[in-house]
Amino acid sequence: RRTITRLPEWLKTPIPSAGANPNFGKIKADLRGLNLHTVCEEARCPNIGECWGGDNKNAATATIMLMGDTCTRGCRFCSVKTNRRPPPLDPHEPENTAEALARWGLGYVVLTSVDRDDLADGGARHFAETIRKIKQKKPTLLVEALTGDFMGDLDMVKIVAESGLDVYAHNVETVEGLTPYVRDRRATFRQSLKVLEHVKTVKPEMITKTSIMLGLGETEQEIWDTLRELRKVNVDVVTFGQYMRPTKRHLKVEKYVTPDEFEIWRQRALDLGFLYCASGPLVRSSYKAGEAFIENVLR
Ligand code: SF4
Ligand code: SF4
């Protein structure tokens with residue numbers, strides 16, 4: 001039986017190919033044999049050609065998932081599998097990840113993970129160790145950590161913030177009013193704001209970053225309120241992307257936001273004082289993060 005897709009035109013993207021971009025082909029070839037699992041490939045991210053390719057190879061960006069593929073939480077927008085007792089951490093992962101990244105040709109890496117509420121430190125030390133080892137082996141590699149909220153344990157946020165990374169990201173995902181319907185019940189909007197605020201408390205010069213999905217039923221006023229709350233705690237960078245329903249068991253899309261509307265929100269974010277903002281239907285929080293960092297922070 002044929003399925004009828006009602007995706008708007010702007011969400012139908014061509015699959016990237018090596019021919020279109022020489023850097024993309026090289027990064028992809030170099031990945032072979034490194035035993036690194038990228039979110040970019042595993043989630044079949046449509047931005048892979050732009051993130052791995054691009055004209056500036058020092059800006060090549062990829063996202064790596066740490067601490068396994070099983071999350072202790074169950075957000076209603078996310079397709080990662082859930083279990084209260086995921087397998088134990090691999091103690092060699094920080095070393096092996098750092099070693100592989102040092103050999104790969106990236107300029108910017110985003111380290112993210114499932115939420116590990118089963119671990120006493122939520123995996124904060126594992127994150128920090130990975131970052132320290134990466135910086136030892138390849139100091140020029142820019143590192144962004146995209147962490148969970150550590151159940152509001154700010155000491156864990158501090159451990160990651162002081163590990164030598166360049167950007168600390170934590171996603172609020174949606175507006176406050178929708179948070180209880182969208183995110184796992186252990187996540188709250190206020191708790192996420194506290195995480196972002198605390199990074200600036202312990203490391204005032206750190207770039208902080210968050211991401212918001214549009215199309216879940218939020219109102220314009222709610223988006224404005226969210227942006228203002230984020231600026232109040234000095235968040236530097238915000239990204240907007242379209243929420244895409246992973247399966248029928250997940251929340252349905254309330255609205256496909258047009259590219260023009262995304263551009264309007266990007267402009268509004270800049271007007272509010274955000275350092276930079278990536279905003280578009282296919283934007284993910286790590287979208288061309290290396291290029292954005294190099295152009296807006298290092299210039
Ligand atoms: Fe990878 Fe993120 Fe870029 Fe997608 S947006 S290709 S997941 S770095
Ligand atoms: Fe997915 Fe993160 Fe929620 Fe876990 S905490 S279900 S990985 S969005």
Side-chain angles (χ1 to χ4, degrees), residues 13-71 78-81 87 89-114 123 126-147 163-167 169 209 211 239 241 244 246 278 282-295:
T13 53
I15 295 159
S17 72
N21 190 316
N23 284 338
F24 171 72
K26 172 145 183 34
I27 291 276
K28 197 169 163 62
D30 288 350
L31 180 63
R32 274 184 222 126
L34 288 182
N35 200 22
L36 269 179
H37 298 279
T38 69
V39 175
C40 319
E41 284 194 312
E42 280 165 26
R44 289 198 219 116
C45 183
N47 303 317
I48 195 164
E50 288 172 278
C51 288
W52 292 20
D55 296 332
N56 178 358
K57 74 175 175 30
N58 297 328
T61 302
T63 301
I64 308 287
M65 181 88 110
L66 301 173
M67 302 198 257
D69 62 358
T70 308
C71 187
C78 175
S79 57
V80 169
K81 61 182 169 201
L89 293 183
D90 168 8
H92 304 296
E93 186 176 52
E95 173 71 26
N96 293 344
T97 304
E99 186 61 42
L101 284 172
R103 281 160 45 206
W104 200 19
L106 293 183
Y108 190 105
V109 66
V110 180
L111 301 175
T112 189
S113 76
V114 290
H126 194 85
F127 245 116
E129 196 190 334
T130 308
I131 296 162
R132 268 194 300 272
K133 286 195 161 30
I134 293 170
K135 288 289 186 178
Q136 275 163 17
K137 289 177 198 291
K138 192 177 178 184
T140 53
L141 181 57
L142 297 163
V143 180
E144 172 178 326
L146 169 61
T147 77
S163 65
L165 76 175
D166 300 281
V167 176
K209 174 172 169 181
S211 195
T239 74
M244 302 287 274
L282 296 168
V283 164
R284 301 288 167 263
S285 77
S286 48
Y287 174 71
K288 288 170 80 175
E291 192 175 306
F293 187 87
I294 289 166
E295 282 175 8

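Side-chain atoms are counted along with the backbone in the values below, which use heavy atoms only and exclude waters and symmetry mates.
Counting heavy atoms from C-beta outward, M65 and H37 have side chains that stay 4.5 Å or more apart. The side-chain heavy atoms of V114 and D69, taken from C-beta on, include no pair separated by under 4.5 Å. At least one side-chain heavy atom of L142 sits under 4.5 Å from a side-chain heavy atom of I294. A heavy-atom distance below 4.5 Å is found between the side chains of H126 and P94. The shortest side-chain heavy-atom distance between F293 and E144 does not fall under the 4.5 Å cut-off. With contacts defined as side-chain heavy-atom distances shorter than 4.5 Å, the pair R284/N47 qualifies. Contact check for L31 versus W52: side-chain heavy atoms found under the 4.5 Å cut-off. Taking 4.5 Å as the limit, some side-chain heavy atom of F127 sits within range of a side-chain heavy atom of S113.
Between atom CD1 of residue I131 and atom CD of residue Q136 there is a gap of 12.5 Å, rounded to the nearest 0.5 Å. From W104, atom CH2 reaches atom OG1 of T97 across 12.0 Å, with rounding to the nearest 0.5 Å. Distance CG/N96 to CG/D90: 6.5 Å, rounded to 0.5 Å. Rounded to the nearest 0.5 angstrom, L66 CG and E129 CD are separated by 11.0 Å. Interatomic distance, CG of L111 versus OG of S163, reported as 9.0 Å (0.5 Å rounding). If you take OG1 on T61 and CD1 on I48, they are separated by 11.5 Å, rounding to the nearest 0.5 Å.
With T63 as the partner, the side chain to side chain contact (heavy atoms under 4.5 Å, CB included) test is satisfied by one option alone out of T38, V109, V110: V110.
Look at E41 and K28 and you find a salt bridge, because one of the NZ, NE, NH1 or NH2 atoms lies within 4.0 Å of a carboxylate O, short of that distance. With respect to the salt-bridge test (charged N to carboxylate O, under 4.0 angstrom), the residues K209 and D166 do not qualify. Residues E291 and K288 are paired through a salt bridge, judged by an N-O separation under 4.0 Å between the basic side chain and the carboxylate.
Residues satisfying the side chain to side chain donor-acceptor pair (under 3.5 Å) criterion with E95, sequence neighbours excluded, are K137. For N56, there are no side chain to side chain donor-acceptor pair (under 3.5 Å) partners two or more places apart in sequence or in a different chain.
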Run the numbers on T239 and S211 for side-chain hydrogen bond (donor to acceptor under 3.5 Å, both in side chains), then give the verdict. CA-CA 5 Å; T239 74; S211 195; 2.6 Å; yes

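Dense packing is recorded around NZ of K135, with more than 12 heavy atoms of other residues, nucleotides or ligands lying under 6.0 Å away.
In terms of heavy atoms, A60 sits closest to I27 at CB-CD1, 3.9 Å.
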